[in-house]
Amino acid sequence: MRLRHPDGQVFSFDAGTLSLELACTTGGEGFRARFEILHTPPDLARWVAGSRLGVPAADVRATGPELRLVKLLREAVWAGAYALVTGTPVAARDADTVNEIAAGPPPVPRIAPDGTPTWRRPVTGAQIAAAIARDAVGTLTPPAATRIRMCGADDCYLVYLDTSRPGNRRWCSMERCGNRAKVRGHRQRKEHP
Ligand SMILES: [Zn+2]
């Protein structure tokens with residue numbers, strides 16, 4: 001997924017999993033508010049189309065209350081992931097939110113006439129929330145939970161599931177923080193040989 005930072009840089013970011021993609025690429029509350037992109041239900045449809053869920057925006061039918069549900073889930077996923085990367089368990093309140101939304105029916109997959117996989121239309125905002133919440137259950141629990149990481153840059157709070165085989169992914173994106181660290185290391189070596 002391509003992200004645009006408020007400083008103007010556009011870079012690719014792979015959150016590794018659907019629920020962290022929602023929590024980290026759409027904004028949120030507090031300091032994440034300046035990254036907010038989900039203002040209206042069509043914004044949600046556009047994000048879904050570009051997400052790893054990949055439901056075409058035209059097939060999504062989301063309402064205002066469903067958008068609020070997705071945002072409620074987003075905060076619970078963010079809080080749960082933040083707790084795990086800082087070494088604390090997921091709070092019961094956040095687990096309750098995820099569990100309740102996960103209990104709803106997810107999008108229904110089907111085989112299209114041309115033999116490719118698709119979804120039964122329309123896909124509702126509530127179904128999207130359920131799919132993301134189900135993913136969150138698998139992400140915020142072992143074994144995946146031990147692979148949730150925060151970007152190694154001091155000023156970056158992007159969280160992702162490290163799906164690399166050795167489990168040593170350090171940066172949100174090589175194009176952004178990985179490259180900044182490389183440049184910094186290079187400069188330091190030059191100044192202090
Ligand atoms: Zn970063």
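Counting starts at 1 for both ligands and their atoms, following the listed order.
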Do W119 and P109 come within less than 4.5 Å of each other through their side chains, counting heavy atoms only? yes

Between R34 and H5, does the side-chain contact (heavy atoms from CB on, under 4.5 Å) criterion hold? Intermediate values first, please. CA-CA 10 Å; R34 69 189 182 118; H5 192 273; 4.1 Å; yes

If you count heavy atoms of other groups shown closer than 6.0 angstrom to CZ of R52, is the number above 12? yes

Got a sec, which hydrophobics cluster with M174, joining ILVMFWY side chains under 4.5 Å apart, including via others? W171

Salt-bridge present (R93, E75; N to O < 4.0 Å): no

Under 2.8 Å from the Zn ion (ligand 1), protein N/O/S atom count? 4

As a quick check of understanding, evaluate side-chain contact (heavy atoms from CB on, under 4.5 Å) for T139 and L20, giving each step before the final call. CA-CA 8 Å; T139 300; L20 293 180; 4.0 Å; yes

